[in-house]
Amino acid sequence: MGTTASQLPKDLLSEYQELTFLTKQEILLAHKRFTELLAKEDRSSTSQRVPMEKVLTMPELKSNPFRKRICHVFSTSEAKDGSLTFEDFLDLLSAFSDSATLEIKSHYAFRIFDFDDDGTLDCGDLEKLVNCLTGETDDTRLTPEEMRQLISNILEESDIDKDGTVNLSEFQHVISRSPDFVSSFKIVL
């Protein structure tokens, strides 16, 4: 029961394996999990999208403070609604896999943290980043002075060209000095 819905043609499976950092077993598991997120009537089509709200119910994303940004970054939806196709879902899992390179992981981390999608991390992006990490409750939110000081410290450490923002290469430079980044930037099904 249900095995036909989760089957992938061998040639497609091989292609996905070549194009991602995932093993065949991981791709098959991803396909099974993706199919479970689809409404029953949509499971026969390969081009269906899972709405972001359904993706966010996955235990692996549920407690991630960047879960909505992750969906938006990996979504190819023209409606910019964060919905994911199976290939979007594979891209997401590939970037967060243990086998993904530091360059790939840092590229996607940068895009996730670039809340306004302008190609730089400015004060607004850094404030949203800090708020995601600390929680946005009255008990955990930093005071305006603490936030200003923290952002100033981040820019002092990261903004090599002193333009008031952190670009991708500056971000990657900082990440390259962070030994825990690669092991913590992952999602395992």
Side-chain angles (χ1 to χ4, degrees), residues 1-10 12-117 125 128-137 140 175 178 180-189:
M1 179 177 128
T3 50
T4 53
S6 63
Q7 293 297 314
L8 275 174
K10 266 192 163 55
L12 201 51
L13 182 58
S14 294
E15 185 179 336
Y16 287 148
Q17 189 178 12
E18 282 180 38
L19 295 172
T20 67
F21 294 102
L22 302 172
T23 65
K24 286 184 179 178
Q25 290 76 16
E26 289 169 327
I27 294 166
L28 290 170
L29 178 58
H31 189 262
K32 179 181 182 293
R33 292 290 301 280
F34 183 82
T35 303
E36 290 168 355
L37 293 172
L38 286 170
K40 285 195 179 10
E41 62 272 12
D42 295 334
R43 291 184 180 174
S44 59
S45 172
T46 55
S47 62
Q48 288 297 322
R49 293 187 158 278
V50 172
M52 180 170 67
E53 295 69 37
K54 290 281 272 187
V55 176
L56 297 180
T57 64
M58 292 179 61
E60 297 83 0
L61 282 177
K62 211 177 216 171
S63 61
N64 188 311
F66 301 101
R67 59 194 171 275
K68 288 184 179 178
R69 278 298 298 162
I70 291 169
C71 286
H72 281 287
V73 165
F74 287 93
S75 175
T76 56
S77 167
E78 289 181 19
K80 305 271 188 239
D81 59 6
S83 64
L84 300 177
T85 64
F86 178 60
E87 290 184 358
D88 295 340
F89 189 62
L90 279 185
D91 286 343
L92 183 161
L93 294 175
S94 180
F96 281 93
S97 77
D98 281 332
S99 304
T101 64
L102 174 63
E103 185 178 1
I104 293 287
K105 287 179 177 281
S106 60
H107 168 81
Y108 280 106
F110 181 84
R111 287 191 55 206
I112 290 164
F113 301 157
D114 182 14
F115 288 88
D116 59 9
D117 295 317
D125 294 318
K128 286 180 182 173
L129 170 60
V130 170
N131 283 335
C132 279
L133 292 172
T134 60
E136 295 191 54
T137 66
T140 59
I175 292 299
S178 175
D180 296 337
F181 174 75
V182 171
S183 61
S184 63
F185 193 80
K186 68 179 177 181
I187 294 174
V188 179
L189 289 181

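Everything numeric in this text was worked out from a predicted model, so none of it was measured.
When side chains are defined from C-beta on, Leu13 does not count as touching His31, because their heavy atoms never get closer than 4.5 Å. Within the 4.5 Å cutoff, side-chain heavy atoms of Tyr108 are placed close to those of Val73. Residues Phe115 and Leu129 form a side-chain contact, since some pair of their non-hydrogen atoms from C-beta on lies under 4.5 Å apart. Contact check for Phe185 versus Ile112: side-chain heavy atoms found under the 4.5 Å cut-off. The shortest distance between side-chain heavy atoms of Phe21 and Ile104 falls below 4.5 Å. Contact annotation: the side chain of Ser75 never approaches that of Met52 to less than 4.5 Å [non-hydrogen atoms, C-beta and beyond]. At a threshold of 4.5 Å between non-hydrogen side-chain atoms, the residues Leu8 and Phe86 count as touching.
To the nearest 0.5 angstrom, Ile27 atom CD1 is 10.0 Å from Glu15 atom CD. Rounding to the nearest 0.5 angstrom, the gap separating the CG atom in Leu22 from the CD atom in Gln17 is 9.0 Å. To the nearest 0.5 Å, atoms CG (Leu56) and NZ (Lys68) are separated by 7.0 Å. How far CG of Leu90 is from CZ of Phe34: 9.0 Å, rounded to the nearest 0.5 Å. Put simply, NZ on Lys54 and CG on Leu37 are 6.5 Å apart, with the number rounded to the nearest 0.5 Å. Residue Leu92 holds its CG atom at 6.5 Å from CG of Leu84, rounded to the nearest 0.5 Å.
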Practice item. Please test Asp180 against Ser184 for side-chain hydrogen bond (donor to acceptor under 3.5 Å, both in side chains), starting from the C-alpha separation and ending with a verdict. Key: CA-CA 6 Å; Asp180 296 337; Ser184 63; over 6 Å; no

Exercise for review: Run the numbers on Lys128 and Asp116 for salt bridge (Lys or Arg N to Asp or Glu O under 4.0 Å), then give the verdict.
Suggested key: CA-CA 10 Å; Lys128 286 180 182 173; Asp116 59 9; over 6 Å; no

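Contact detail for Ile175 and Phe181: the closest heavy-atom pair is CG2-CD2, 3.2 Å. Minimum interatomic distance between Leu189 and Ala30 (heavy atoms only, all atoms of both residues): CD1-CA, 3.6 Å. The heavy-atom pair separating Val55 from Cys71 by the smallest distance is CG1-SG, 3.7 Å. Closest approach of Asp114 to Arg69, counting heavy atoms only: O-NH2, 3.0 Å. Here the shortest heavy-atom pairing between Ser97 and Ser94 reads OG-O, 2.9 Å. Taking both residues in full, the closest heavy atoms of Glu60 and Val188 are given as CG-O, 3.3 Å, listed atom of the first, atom of the second, then distance.
Annotation for Glu103: atom CD does not count as buried by contact number, only 12 or fewer foreign heavy atoms lying within 6.0 Å.
Residues in residues 47-73 take part in these ring pair (Phe, Tyr, Trp, His ring centres under 6.0 Å) pairs, two or more places apart or across chains: Phe66-Phe113.
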